[in-house]
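Input: a single structure, listed below in structure tokens.
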Amino acid sequence: MRQACETAQRNCERVNLLAVSKTRSAEEVAQAYHLGLKRFGENYAQEACEKVLALSELDIEWHFIGPLQSNKSRMIAEYFGWVHSVDRLKIAKRLDQHCHQLGKVMNCCIQVNIDEEASKSGCHPDEVLALAQACQALPQLNIRGLMAIPLASDDVERQKQSFLRMQSLYKKLQKQLPQLDTLSMGMSADLETAIAHGSTMVRLGTAIFGSRNQ
Ligand SMILES: *Cc1c(COP(=O)(O)O)cnc(C)c1O
């Protein structure tokens, strides 16, 4: 990350590391925490909640990064401080209601399906502005920015185009919502490209914990 920031001539302090701990045990998370990591990302609500409870003594900031299902929204509202995958107003309203009951504010990113892939969650790039503004109006949601999972590809140029589109979408949105401070993109295989295109939070699993079996 430091090297990528130097190459991109960016201040390292502007890029945060989210350790993606899906499939990892609570012990592994605790180990990473004691080595200095404080932010952890999880994809599956049930699996995550067990870890959050087991590690409640630690000062961890938990981020939900998986697809959002309505029937899990209460659990997610309760156990997480951030949700990166808000992609429709219906689920945003549910989260807002649950957070109201819990007396908390949820940090949210709008997930964008930047390559318009049929298999992927995220709202269409053209819908981002309207969705962000509608979410902004919900009192318990604090809209922080955008998240994307660009198409995995060996074609570096094509990937750059996806990151570039995210960067310009984020800049455009910031003009409407100047408080935004988070562009969540970049995973183990493409963190350099993401940082070169303005990412403020890279989500790394494999690069930290090694490869997953699932
Ligand atoms: C699994 C996952 C990551 C981490 O991927 P790695 O390639 O292991 O770094 C990041 N973001 C999301 C949304 C994920 O599901």
Side-chain angles (χ1 to χ4, degrees), residues 1-5 15-26 28-29 31-33 35 37-52 60-69 72-73 75-76 79-88 91 95 106-123 125 128 144-156 158-159 162-163 165-167 169-170 182-214:
M1 283 174 69
R2 191 165 291 136
Q3 271 174 15
C5 287
V15 188
N16 292 311
L17 168 58
L18 177 66
V20 175
S21 47
K22 63 180 174 213
T23 78
R24 305 295 166 179
S25 67
E28 287 173 286
V29 174
Q31 223 170 36
Y33 174 87
L35 290 169
L37 299 179
K38 295 282 135 68
R39 271 183 215 97
F40 290 86
E42 290 280 341
N43 292 55
Y44 312 105
Q46 189 65 49
E47 176 195 334
C49 294
E50 288 163 19
K51 279 180 240 182
V52 175
I60 291 179
E61 188 179 276
W62 290 101
H63 293 235
F64 188 78
I65 61 173
L68 282 170
Q69 293 169 285
K72 298 280 162 51
S73 60
M75 210 187 235
I76 289 164
Y79 291 101
F80 288 84
W82 282 69
V83 176
H84 290 227
S85 42
V86 174
D87 62 356
R88 53 199 192 277
I91 202 87
L95 279 174
M106 183 67 75
N107 295 294
C108 295
C109 290
I110 308 283
Q111 183 175 351
V112 186
N113 188 353
I114 195 63
D115 294 300
E116 299 176 38
E117 294 172 83
S119 62
K120 230 169 240 174
S121 345
C123 76
V128 170
R144 301 292 295 265
L146 301 178
M147 182 274 235
I149 311 171
L151 189 71
S153 166
D154 295 332
D155 184 346
V156 180
R158 178 164 182 194
Q159 241 188 358
S162 308
F163 283 113
R165 286 201 305 280
M166 279 305 295
Q167 186 174 30
L169 202 54
Y170 179 62
T182 304
L183 181 53
S184 163
M185 60 182 194
M187 315 200 322
S188 298
D190 55 18
L191 75 100
E192 289 87 357
T193 317
I195 288 175
H197 293 90
S199 170
T200 70
M201 197 179 293
V202 291
R203 308 179 307 265
L204 308 183
T206 310
I208 294 172
F209 295 104
S211 61
R212 288 179 295 274
N213 296 322
Q214 278 120 307

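Remember, it's 1-based here, ligands and their atoms both numbered in the order they're listed.
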Checklist entry - Between F80 and W62, how do the two ring planes meet: parallel, tilted or perpendicular, split at 30° and 60°? => result perpendicular
Checklist entry - Angle class for the H197/F163 ring planes (parallel below 30°, perpendicular above 60°, tilted otherwise)? => result parallel
Item to check | From CE (M147) to OG1 (T182), nearest 0.5 Å | outcome: 12.5 Å
Item to check | Chi angles and distances behind the side-chain contact (heavy atoms from CB on, under 4.5 Å) call for V83, I91 | outcome: CA-CA 11 Å; V83 176; I91 202 87; over 6 Å; no
Starting from the N and O atoms of ligand 1, find every protein N or O within less than 3.5 Å and list the pair with its distance.
unit_1	atom_1	unit_2	atom_2	d
ligand 1	8 (O)	T206	N	2.8
ligand 1	8 (O)	T206	OG1	2.6
ligand 1	8 (O)	R212	NH1	2.8
ligand 1	8 (O)	R212	NH2	3.2
ligand 1	9 (O)	S188	N	3.0
ligand 1	9 (O)	S188	OG	2.4
ligand 1	9 (O)	G205	N	2.9
ligand 1	11 (N)	R203	NE	2.9
ligand 1	15 (O)	K22	NZ	2.7
ligand 1	15 (O)	N43	ND2	2.7

Checklist entry - Between E61 and K38, is there a salt bridge with N-O shorter than 4.0 Å? => result no
Checklist entry - Excluding sequence neighbours, so at least two apart, what forms salt bridge (charged side-chain N to carboxylate O under 4.0 Å, His left out) with R203? => result none
